[in-house]
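Okay, so here's the structure we're looking at.
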Amino acid sequence: MEKLEMNIKQWKKRIVYAISLFFIILFTYAATSKLLIFKSFHSQLEESPFISSISLPVAIILPGVLLIISFLLVIPRFRIIAFYFSLALMIIFNVYIIGVLNFAESVPCSCGGVIKAFSWNEHLIFNTGCSLLALLGISLSYDLKTVYRKSSTNAVEVKT
């Protein structure tokens with residue numbers, strides 16, 4: 001039984017690591033591409049009916065936020081908080097996409113690479129999947145931090 005628990009724990013660690021790696025690659029790539037084409041990225045944000053008035057601060061801050069979250073994901077001690085930030089960012093992106101789908105006529109996508117080819121509906125699906133991955137990362141990270149054992153009274157104690 002103990003060997004099975006160790007095997008499950010190892011799989012959970014691998015899944016958390018894989019989710020972290022996915023977000024590190026996604027966010028680092030997104031930040032880098034936005035910085036490399038900064039003028040174009042900023043001009044695309046200016047065309048958005050929702051954030052045109054704050055397009056410059058968003059264009060400056062967003063790549064930095066993406067890189068900070070990526071850095072936090074590298075350090076196991078900060079991984080849970082980075083997953084929370086990832087989830088929050090994906091929720092913000094989803095709210096923006098829902099706004100574009102429901103209230104905007106035509107807004108250019110400021111994404112890069114393969115994701116740039118997505119329709120707004122495909123963006124929503126992709127970001128929802130990323131949100132679910134962040135939730136899974138949070139859940140498994142908490143699970144790995146918690147050790148369950150029975151006490152002499154047969155009550156379950158939770159140690160963190």
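Given the structure is predicted, the values throughout are model-derived calculations rather than measurements. FYI, the numbering just counts along the sequence from 1.
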Query raised in the report: How would you list, by chain and number, every residue that makes a ring pair (Phe, Tyr, Trp, His ring centres under 6.0 Å) with W11, sequence neighbours excluded?
Result: none
Report task. State whether the number of non-hydrogen atoms from other residues, nucleotides or ligands found under 6.0 Å of F38 atom CZ is greater than 12. Result -> yes
Only pairs under 3.5 Å count here: list side-chain donor-acceptor contacts from residues 85-99, not counting sequence neighbours, and write none if there are none.
| unit_1 | atom_1 | unit_2 | atom_2 | d |
| --- | --- | --- | --- | --- |
| S86 | OG | A82 | O | 2.8 |
| Y96 | OH | S48 | OG | 3.1 |

**Report entry** Any pair counted as salt bridge (charged side-chain N to carboxylate O under 4.0 Å, His left out), so long as it reaches residues 23-47, sequence neighbours left out
**Finding:** none
Query raised in the report: Any salt bridge (charged side-chain N to carboxylate O under 4.0 Å, His left out) pairs touching residues 12-31, not counting sequence neighbours?
Result: K12-D143
Query - S33: side chain to side chain donor-acceptor pair (under 3.5 Å) partners, not counting sequence neighbours - result: none
Report summary line: residues 12-34 vs ring-ring contact (aromatic ring centres under 6.0 Å, His included), sequence neighbours excluded, gives F23-F27
Query raised in the report: Which ILVMFWY residues can you reach from I37 by hopping between side chains whose heavy atoms are under 4.5 Å apart?
Result: none
Query raised in the report: In the hydrophobic clustering that connects Ile, Leu, Val, Met, Phe, Trp and Tyr at side-chain heavy-atom distances below 4.5 Å, which members other than L36 occupy its cluster, ordered by chain and number?
Result: none
Query raised in the report: According to the side chain to side chain donor-acceptor pair (under 3.5 Å) rule, which pairs have a member within residues 52-62, sequence neighbours left out?
Result: H42-S55
Got a second to check how far [X]'s [atom1] is from [Y]'s [atom2], nearest 0.5 Å?
X    : Y    : atom1 : atom2 : result
F118 : L124 : CZ    : CG    : 12.0 Å
S139 : L132 : OG    : CG    : 12.0 Å
L73  : I24  : CG    : CD1   : 5.0 Å
F103 : F50  : CZ    : CZ    : 7.0 Å

Using distance only, find each side-chain donor-acceptor pair of residues 56-64 under 3.5 Å and give its atom names and separation, not counting sequence neighbours.
none

Query raised in the report: By side-chain contact (heavy atoms from CB on, under 4.5 Å), which residues pair with P49, not counting sequence neighbours?
Result: A104, V107
Report task. Please identify each residue that fulfils side-chain contact (heavy atoms from CB on, under 4.5 Å) with L136, with sequence neighbours left out. Result -> I15, I19, L140
Query raised in the report: Are any of the side-chain heavy atoms of L35 and F41 separated by less than 4.5 Å?
Result: no
